[in-house]
Amino acid sequence: MTTIQDSPTAAGSGANASQVFKDTASTRDVADTPPERVAAIVTSILQGVHGAIAEHDVTYPEFQAAKAWLMSVGEGGEWPLFMDVFVEHAVEEQVAKSQTGTKGSILGPYFLPDQTRLSSTCSLPRRADEQGTPLVLEGQVRDTDGTPLAGSEVDIWHADSDGYYSGFAPHVPDGNLRGVVVTDEEGRFAIDTIQPAPYQIPHDGPTGQMIEAAGWHPWRPAHLHIQVRAEGHRTITTQLYFAGGDYLDSDVAEATKPELVLDPQDDGTGTRRSTYDFELEPEA
Ligand code: MBD
Ligand code: FE
């Protein structure tokens, strides 16, 4: 995986996210979309755009500003960011209609494959001086019929207490606060990490300009990204949030669900602990 930018900027994380997306193309299903369907979808999208122009009486200067902005999103490598923040949640909600098991959420731009495999009870890799309140997430992975899934993978990644993800900010070491946790013979796991902070999407580039121009805010609530994989089962991609945290009801990426909110409790030693079980449906 190539890291092609050096400073923690929107352009830097955007360029990295674009590069990672290209590098991991072979891991995704390829859409084989027939022309009728392409025409139907593109027609609807364009009708939406044309409708907005009519509804808001859009001017030539506004049209040209939109073109310049779209160009800058591409030049800044921000299409993965923009698509995952403003569009992915609608795709996730749509596919979720035909799914059972633990609720999903968006993948976002900062997943990295092939991270360090860790045993069922583990600490996520971190710097010696990693900041943040200690957090333990423990639970069990099961089939939707209740059978424990031994040897399944709980792939977890999250931002540090300043809101930076390893692999996308040059000052954070590779693999920091990421790992693939393998469940024990009862499907259980216990992951020691730190509580992430609310997260501001990179806002010094065109995506941030749009958010500011619209008077919105660039924040996501604090979250853990988790992907759970077990042989013969549909992979669940989801996120877990924290009760009482800021921006739970105003996530810029609209990716929260009430079923995905943890309420960790201090165990008396300054460590916050929470239990969350995952249920995976058998593969169709
Ligand atoms: C993130 O960390 C994230 O989770 C999403 C969805 C978009 C940008 C950054
Ligand atoms: Fe995130």
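The shown structure was predicted, so the numbers you read here are calculated from the model rather than taken from an experiment. Counting convention: from 1, in listed order, for ligands and their atoms alike.
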Taking the six-membered ring of Tyr110 as reference, does the NZ or CZ atom of Arg178 fall below 6.0 Å from its centre and within a 45° cone about the axis?
-> no
Parallel, tilted or perpendicular for Trp69 and Trp79, by the 30°/60° rule?
-> perpendicular
How about Tyr247 and Tyr199: are their ring centroids closer than 6.0 Å?
-> no
Could you check atom 6 (C) of ligand 1 against the protein and tell me its nearest heavy-atom contact, residue, atom and distance included?
-> Ile106 CD1, 3.2 Å
Leu81 heavy atoms within 4.0 Å reach ligand 1 at atoms 8 (C)
Sub-4.0 Å heavy-atom contact, Pro109 with ligand 1 | yes
Answer yes or no for Glu88: is there a heavy-atom contact with ligand 1 below 4.0 Å?
-> no
Return a yes/no value for His223: is any of its N or O atoms, backbone included, closer than 3.5 angstrom to an N or O of ligand 1?
-> yes
What is the nearest protein non-hydrogen atom to atom 1 (C) of ligand 1, stated with its residue, atom name and distance?
-> Tyr199 CE2, 3.6 Å
for atom 3 (C) of ligand 1, nearest protein heavy atom and its distance come out as Arg220 NH1, 3.6 Å
For Val85, atoms of ligand 1 separated by under 4.0 Å from a heavy atom = 7 (C), 8 (C)
Just jot down the ligand 1 atoms closer than 4.0 angstrom to any heavy atom of Tyr110, in number order.
-> 2 (O), 9 (C)
Counting from 1 in the order shown, the ligand 1 atoms closer than 4.0 Å to a non-hydrogen atom of His225 are 2 (O), 4 (O)
Glu186 and Arg188 ion-paired at < 4.0 Å = yes
Would you say the side chains of Gln227 and Thr237 form a donor-acceptor pair under 3.5 Å?
-> yes
Using 2.8 Å as a strict upper limit, say whether an N, O or S atom of Tyr165 approaches the Fe ion (ligand 2) that closely.
-> yes
Contact check: His158 to the Fe ion (ligand 2), N/O/S below 2.8 Å = no
Taking the six-membered ring for Trp and the full ring for Phe, Tyr or His, determine whether the centres of Tyr165 and His225 are under 6.0 Å apart.
-> yes
Would you check if there is a donor-acceptor pair between the side chains of Gln64 and Lys67 at a distance under 3.5 Å?
-> yes
Any donor-acceptor pair under 3.5 Å linking the side chain of Glu88 with the backbone of Gly108?
-> yes
Which word best sums up how the rings of His171 and Tyr164 line up, parallel for under 30°, tilted for 30 to 60°, or perpendicular for over 60°?
-> perpendicular
Vertex the Fe ion (ligand 2), arms to His223 NE2 and His225 NE2, rounded to 10° = 100°
Could you list which atoms of ligand 1 come closer than 4.0 Å to a heavy atom of Tyr165?
-> 2 (O)
